[in-house]
Trainee: 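Would you mind keeping the following structure in view while I ask a few things?
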Amino acid sequence: FAVFFNQNRSKILADKNIRLALAQATDKKDILKNLLSNNGMIVDSPMLPGIIGITDSADKYEFGIGVAEKLLDDNGWKYPEGQLDGEKVREKAAPAPKSGKGTPGEPTKLEIKLTTSDWPELVAVGQQLKNQWAAAGVKVNLEILPLPELQQAIKDRDYEALLFGEVLALDPDPFSFWHSSQKRDPGLNLALYDNTDADKLLEEARQTLDRSARLSKYDDFQKIVAKDIPAIFLYSPDYLYAQPPKIKGNNTGLISVPSDRFDTIGKWYIETKRIRK
């Protein structure tokens, strides 16, 4: 799960410094602990760690509200004088007219719309992000949509920031999620990400039969994405299910979709008996 930024719909989010500040203001550990009871793992890259042997080497943006606030201060986003404590929304002064005459326009508020599903877990995560980012002076308008409306918003790319998830296979091919050719429906590039170097790596990774070369390209790809911050990667939840203790032989490890839990069903057993050898 991640927050995908649509920079075409928001001038504010088109500023990498804003995206970086939001990343620094995001406490992933708090989300994992308090909303998922630690049933999952923190994610910092479009490639999940520990699945196909890719090193965990992409840039990470550790939670630091002070770092986020300094970054916003340094880029001209200030708290206006006389603002009530309950508001705490940063603003940026409009530039002076080029002619030198007239008065500057209205300041820009640091305000974004975060769209997500009405699934209770995502509603809770969205509210937590709203609270975390508010601590840095960012106003978040949380938009909760039922699934049909959310699907239409995704199809139209009608969102500024989208809290949503992607399903990756155990041998993932991130092409459909991140290649620039997939920016429009039915493509799944939710961040409308467009980077020539990343595109080339994704194309080459699809063409090579050398596994180590493919993993190396995916490693380079994840480093590029992490530096560009087109999204804030949050977490990958554990898939929890109960099974009677009398069933033996279920040694299932990683799964990508719920049905994968039956992959080893041919080795399951219940009854045992002693035999002479």
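The residues of the chain are indexed from 1 along the displayed sequence.
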Trainee: Mind checking whether Arg157 and Leu192 have side chains closer than 4.5 Å, heavy atoms only?
Mentor: yes
Trainee: With a 4.5 Å cut-off on side-chain heavy-atom distances among I, L, V, M, F, W and Y, is there a chain of contacts connecting Trp133 to Ile229?
Mentor: no
Trainee: Would you say Leu168 ends up clustered with Ile154 if hydrophobic residues are merged whenever their side chains have heavy atoms under 4.5 Å apart, either directly or through other cluster members?
Mentor: yes
Trainee: What's the spacing between Phe4 CZ and Leu13 CG if we round to 0.5 Å?
Mentor: 14.0 Å
Trainee: Within the structure provided, determine whether Ile18 and Val138 are in side-chain contact (heavy-atom separation under 4.5 Å).
Mentor: no
Trainee: Between Asn189 and Trp178, which heavy-atom pair has the shortest distance, and what is it?
Mentor: ND2-O, 3.5 Å
Trainee: Output a table of donor-acceptor pairs, distance under 3.5 Å, between side-chain atoms of residues 39-48 and any protein atom two or more places apart or on a different chain; print 'none' if there are none.
Mentor:
residue	atom	partner	partner atom	Å
Asn39	ND2	Leu36	O	3.3
Asp44	OD1	Lys28	NZ	2.7
Ser45	OG	Met47	N	2.9
Ser45	OG	Met47	O	3.3
Ser45	OG	Gln222	OE1	2.6

Trainee: Within the distance-only criterion (no hydrogens, no angle test), does the side chain of Thr26 pair as donor or acceptor with the backbone N or O of Leu22 below 3.5 angstrom?
Mentor: yes
Trainee: Residues two or more places apart in sequence or in another chain: which of them pass salt bridge (Lys or Arg N to Asp or Glu O under 4.0 Å) with Asp194?
Mentor: Lys183
Trainee: Which pair of non-hydrogen atoms, one from Ala161 and one from Val3, has the smallest distance, and what is that distance?
Mentor: CB-CG1, 3.9 Å
Trainee: Contact between Val67 and Tyr61 at the side-chain level, heavy atoms closer than 4.5 Å - yes or no?
Mentor: no
Trainee: Just by distance, do the side chain of Glu91 and the backbone of Lys78 share a donor-acceptor pair under 3.5 Å?
Mentor: no
Trainee: What are the two closest non-hydrogen atoms of Pro107 and Ala93, and how far apart are they?
Mentor: CB-CA, 4.2 Å
Trainee: Please tell me whether Phe1 and Phe63 are part of a single hydrophobic cluster in this structure, the criterion being side-chain heavy atoms less than 4.5 Å apart.
Mentor: no
Trainee: Who else is in the cluster with Ile270 when I, L, V, M, F, W and Y are joined by side-chain contacts under 4.5 Å?
Mentor: Ile247, Phe262, Ile265, Trp268
Trainee: Take atom NZ of Lys33 as the centre, draw a 6.0 Å sphere, and report whether it contains more than 12 heavy atoms from other residues, nucleotides or ligands.
Mentor: no
Trainee: Which value, rounded to the nearest 0.5 Å, describes the distance between Asp220 atom CG and Asp197 atom CG?
Mentor: 10.0 Å
Trainee: So which heavy atom on Ala136 is nearest to which on Leu72, and how close?
Mentor: O-CD1, 3.5 Å
Trainee: Could you pull out the closest heavy-atom pair between Val167 and Phe177, with the gap in Å?
Mentor: O-CZ, 3.7 Å
Trainee: Measure the spacing between CZ of Arg9 and CD1 of Ile112 and express it to the nearest 0.5 Å.
Mentor: 15.5 Å
Trainee: Between Arg90 and Asp73, does the salt bridge (Lys or Arg N to Asp or Glu O under 4.0 Å) criterion hold? Intermediate values first, please.
Mentor: CA-CA 9 Å; Arg90 293 176 181 270; Asp73 284 333; 2.6 Å; yes
Trainee: Once rounded to the nearest 0.5 Å, what's the spacing between atom CG of Leu234 and atom CG of Leu32?
Mentor: 10.5 Å
Trainee: To the nearest 0.5 Å, what is the distance between CZ on Arg19 and OG on Ser10?
Mentor: 10.0 Å
Trainee: Without swapping roles, check the side chain of Asp228 against the backbone of Pro230 for a donor-acceptor pair under 3.5 Å.
Mentor: no
Trainee: Hey, does Asn195 have a side-chain heavy atom less than 4.5 Å from the side chain of Val225?
Mentor: no
Trainee: Taking the side chain as everything from C-beta on, heavy atoms only, tell me whether Lys200 gets closer than 4.5 Å to Thr196.
Mentor: no
Trainee: After noting the C-alpha distance and the side-chain angles of Tyr218 and Leu202, does the key distance pass the side-chain contact (heavy atoms from CB on, under 4.5 Å) rule?
Mentor: CA-CA 7 Å; Tyr218 282 158; Leu202 290 174; 4.3 Å; yes
Trainee: Between Asp219 and Leu215, is there a donor-acceptor pair closer than 3.5 Å when you use the side chain of the first and the backbone of the second?
Mentor: no
Trainee: How close do Gln182 and Ser176 get, counting heavy atoms only, and between which atoms?
Mentor: CB-O, 3.3 Å
Trainee: Using atom types as modelled and distance alone, determine if a side-chain donor or acceptor of Thr116 lies under 3.5 Å from a backbone N or O of Leu163.
Mentor: yes
Trainee: Indicate, with yes or no, if Tyr193 and Ile12 share a hydrophobic cluster defined by side-chain heavy-atom contacts under 4.5 Å among Ile, Leu, Val, Met, Phe, Trp and Tyr.
Mentor: no
Trainee: Could you walk me through whether Glu160 and Asn6 pass the side-chain contact (heavy atoms from CB on, under 4.5 Å) check?
Mentor: CA-CA 5 Å; Glu160 294 182 5; Asn6 184 348; 5.7 Å; no
Trainee: In terms of hydrophobic clustering (I, L, V, M, F, W, Y; side-chain heavy atoms under 4.5 Å; direct or indirect links), are Leu145 and Trp119 co-clustered?
Mentor: no
Trainee: Return yes if some donor-acceptor pair links the side-chain N/O of Asp59 with the main-chain N/O of Ala226 below 3.5 Å, else return no.
Mentor: no
Trainee: With sequence neighbours left out, which residue pairs that include part of residues 242-266 fulfil the salt bridge (charged side-chain N to carboxylate O under 4.0 Å, His left out) condition?
Mentor: none
Trainee: Heavy atoms, side chains only, cut-off 4.5 Å: are Glu69 and Tyr79 in contact?
Mentor: yes
Trainee: Which other residues end up in the same hydrophobic cluster as Ile275, if Ile, Leu, Val, Met, Phe, Trp and Tyr are linked when side-chain heavy atoms come under 4.5 Å apart?
Mentor: none
Trainee: Tell me whether Lys16 contacts the main-chain N or O of Lys227 through its side chain, where contact means a donor paired with an acceptor under 3.5 Å.
Mentor: yes
Trainee: Side chain of Asp15, backbone of Asn17: donor and acceptor closer than 3.5 Å?
Mentor: yes
Trainee: Taking salt bridge (charged side-chain N to carboxylate O under 4.0 Å, His left out) as the cut-off, I'd like each qualifying pair that reaches into residues 128-153, sequence neighbours left out, listed once.
Mentor: Glu111-Lys139, Lys113-Glu143
Trainee: Quick one: CG on Asn34 to CD1 on Ile31, what's the gap to the nearest 0.5 Å?
Mentor: 9.5 Å
Trainee: List the steps and the verdict of side-chain contact (heavy atoms from CB on, under 4.5 Å) for Thr108 and Lys11.
Mentor: CA-CA 10 Å; Thr108 301; Lys11 291 183 178 179; over 6 Å; no
Trainee: Run the side-chain contact (heavy atoms from CB on, under 4.5 Å) check on Gln128 and Leu35 step by step: do they pass?
Mentor: CA-CA 9 Å; Gln128 192 80 333; Leu35 300 183; 4.0 Å; yes
